[in-house]
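In what follows, a structure is listed as C-alpha cells, so that the remarks can point back to it.
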Amino acid sequence: MKFAKLGLFAAGVLFGTAGIKLLSSKDAKKAYTHTTAAILRAKESVMTTVTTIKENADDILADAKEINEQRAAKEEAIEDAASEDVVSDESTENNEDAPAEATAETETKVEE
C-alpha cells in the first residue's frame with residue numbers, strides 16, 4: 001500500500017514536470033501569444049461596440065430631453081393663452097359695466 005501511494009506521488013511529480021516542460025515550450029508560448037492576441041482583438045471590438053452604443057444612447061437621451069422641453073413649452077403656451085383668455089373675459093365684463101355706470105353718471109350730471 002505504501003508503494004501504491006509512493007507510485008502515485010512519483011507519477012504526479014513526473015506528470016507535473018512533463019506538463020511544465022510542455023507548457024513552457026516554444027510551441028506552447030506561440031499558442032499563448034496567438035490566443036492573447038485574439039483576446040486583445042476581441043476586447044478592441046467589444047470596446048468599439050460599447051462606445052458606439054454609448055454614443056447612440058447619449059443621442060437618444062438628448063433627443064428625449066429636447067422633446068420634453070418642446071412639449072413643456074407648448075403646454076406653458078397653452079396655459080398662458082388660457083389664463084389670458086380668462087383675464088380678457090374678466091376685463092370685458094368689467095368694461096361692459098363701465099359704460100352703464102358712465103351713462104348713469106352722465107345722466108345725473110345732466111339733471112343737475
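All values below were derived from every heavy atom in this structure, side-chain atoms included, with hydrogens, water molecules and symmetry-related copies excluded. Numbers here are sequence positions counted from 1. This one's a predicted model, so the numbers in the text were calculated from it and none came from an experiment.
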From [X] atom [atom1] to [Y] atom [atom2], the distance as rounded to the nearest 0.5 Å:
X	Y	atom1	atom2	result
Glu79	Glu75	CD	CD	7.0 Å
Thr36	Lys29	OG1	NZ	13.0 Å
Leu61	Lys54	CG	NZ	10.0 Å
Ile53	Asp58	CD1	CG	12.0 Å
Ile39	His34	CD1	NE2	13.0 Å
Asn68	Asp63	CG	CG	11.0 Å

